[in-house]
Amino acid sequence: MSLRSFIVMLLFVALPFTALAGEKAKTIDELAKMYDVSSCKQCHAKIYEEWEKSAHAVSMVGTGRVIGGTRGFLNALKTFKFSGVNDPAKDITVEHLKPCWDCHLPQLKDATDDVAKEIVKAYLADPADRKTLNKLGINCLVCHNMRAINRKWQDGDPEHGVVYGTKEGAHPDKAYTKMKKSPIIKEAVMCAYCHGLGPTFYDPAPTQCATLYGSYLHAYLPAGGNQTCQDCHMEKGSHRWPGFITQGETVMKQPNRAFDVEVIATPYQFLERVGNLIPKTNLTVKITNKAGHRIPDA
Amino acid sequence: MDVTAKTKDGKEVFSDRKIYMLECSDSRGFEAPSDVMKYGAQVKMGYIVESTFMPLQTKVEKYEIKFPYEDVEEGGKKVRKIKAKEMDIDIVLRWQNDPDPNTVGKDSYILFQTTKNVKIR
């Protein structure tokens, strides 16, 4: 072994096991390590703490309903004649989970079928193994690396060791040593893939979960709206994304920022016909949705 | 949204609940009518009814709430007796995670709440 290749090897050993083209994780722990973001906390403490409390950080569990939903999906796979799944614990592959996980855990593309089976085991455990499921989630590297480029023929695949944001240059992290510009980071389309248009017709088992980006395109913009998702959900760079899933502080604040409600009550006696005077109140409730999409979604 | 009217003695004289949501079917009309609403991301495909709040639009709901009254015979004449001339109308708009109202602040968030006191002379 030449000295040079020895150094290269050493470098590889020293580097954390990050997503390298072609390499696949064989366990949940390996996948979590591949997308490890614990180093980010040191320098981006505020962002990290906000993210940790957000729905994105717990995208495999959420309010707990993602567990119920996934069990329902696994049961459905058993009944689908052509899915090839009789016993989810044995037969499941990454491909089978893609209809949900493309959005709830896109990292799964870098995992082997063994990881898919481990995930299924955690979901089917009684009670579900939340601790294992929460090792994975939509983290910094999903948005600042793998989903930061959507035109891959134009801009190339997201590169290993790069954080994509608004700047170019050196980045002081040990594994992610470069910053590059993401063409979409400030655009609403950054959130679009996962926040959905409607059914995912491109899957062999189309699913319909989030439809909110569709509403943004087809209802908010036509009504004259011109803000992006980031304008409303990431003010001052916040990574908290408050919503109904994690009881965000914005949602709990009264009055809620999504709605203007006006109530007009007119008590009077209505003369239906001579001799029939009806004492009543006409109540009018006017509700205006100020958000950038339908509420509620899905 | 729940609208409830009570007279001062606490008796409920009116109540109404409206649910606003995407109501989806499985769009599989060939084997069973697709006029049945379904839950579950793996099942839903398309909408039957879309009753959510549209962005930048105002939804107007109207209610007619009668004060409780009764017609009685008095000296051979029909007389209308208004049993309560005052009501409190509660209006509560909630974001609800499941069909059943659960714990407020966990699965159920109050987005707007007010009480209107109405009187006639």
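A, B, ... follow the sequence lines: proteins, then strands. Residue 1 opens every chain.
- With ring centers used as reference points, F112(B) lies 6.0 Å or more from F259(A).
- If you measure heavy-atom distances from V3(B) to chain A, the contacts under 4.5 Å come from the side chain alone.
- Contacts of K116(B) with chain A are made by side-chain atoms alone, with heavy-atom separations under 4.5 Å and no backbone atom involved.
- Contact annotation for I82(B): only side-chain heavy atoms (C-beta onward) come within less than 4.5 Å of a heavy atom of chain A.
- Interface remark: of the candidates E262(A), Q269(A), K290(A), Q269(A) forms the most heavy-atom pairs closer than 4.5 Å to chain B.
- For chain A, the option among Q57(B), E23(B), K85(B) with the highest count of heavy-atom pairs below 4.5 Å is Q57(B).
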Report task. Evaluate the side chain to side chain contact (heavy atoms under 4.5 Å, CB included) criterion for residues N256(A) and Y109(B): first the C-alpha distance (whole Å), next the side-chain angles of each, then the deciding distance (0.1 Å), finally the verdict. Result -> CA-CA 10 Å; N256(A) 174 268; Y109(B) 302 96; over 6 Å; no
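- For a residue to count as touching a neighbouring chain, one of its non-hydrogen atoms must lie under 4.5 Å from one of that chain's; by this rule K78(B) does not touch chain A.
- The contact between F53(B) and chain A is made by backbone and side chain atoms together, counting heavy-atom distances below 4.5 Å.
- For I91(B), the part lying under 4.5 angstrom from a heavy atom of chain A is the side chain only.
- Note that OG1 of T288(A) is 13.5 Å distant from CE of M54(B), once rounded to the nearest 0.5 Å.
- Near-neighbour residues of residues 271-278 of chain A relative to chain B, defined by a heavy atom under 4.5 Å from a heavy atom of that chain, comprise N276(A), L277(A), I278(A).
- If you tally non-hydrogen atom pairs under 4.5 Å between each of T207(A), D260(A), T281(A) and chain B, the highest count goes to T281(A).
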**Report entry** Stepwise side chain to side chain contact (heavy atoms under 4.5 Å, CB included) check, T284(A) with E61(B)
**Finding:** CA-CA 6 Å; T284(A) 304; E61(B) 300 291 8; over 6 Å; no
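- Contacts of E50(B) with chain A are made by side-chain atoms alone, with heavy-atom separations under 4.5 Å and no backbone atom involved.
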Query raised in the report: Is there a side chain to side chain contact (heavy atoms under 4.5 Å, CB included) between L93(B) and V285(A) once you walk through the steps?
Result: CA-CA 10 Å; L93(B) 179 66; V285(A) 185; over 6 Å; no
Show me the side-chain donor-acceptor pairs of residues 101-108 of chain A shorter than 3.5 Å, one per line, residues at least two apart or across chains.
from, atom 1, to, atom 2, distance (Å)
D102(A), OD2, Y193(A), OH, 2.7
H104(A), ND1, S59(A), O, 2.9
Q107(A), NE2, G137(A), O, 2.6

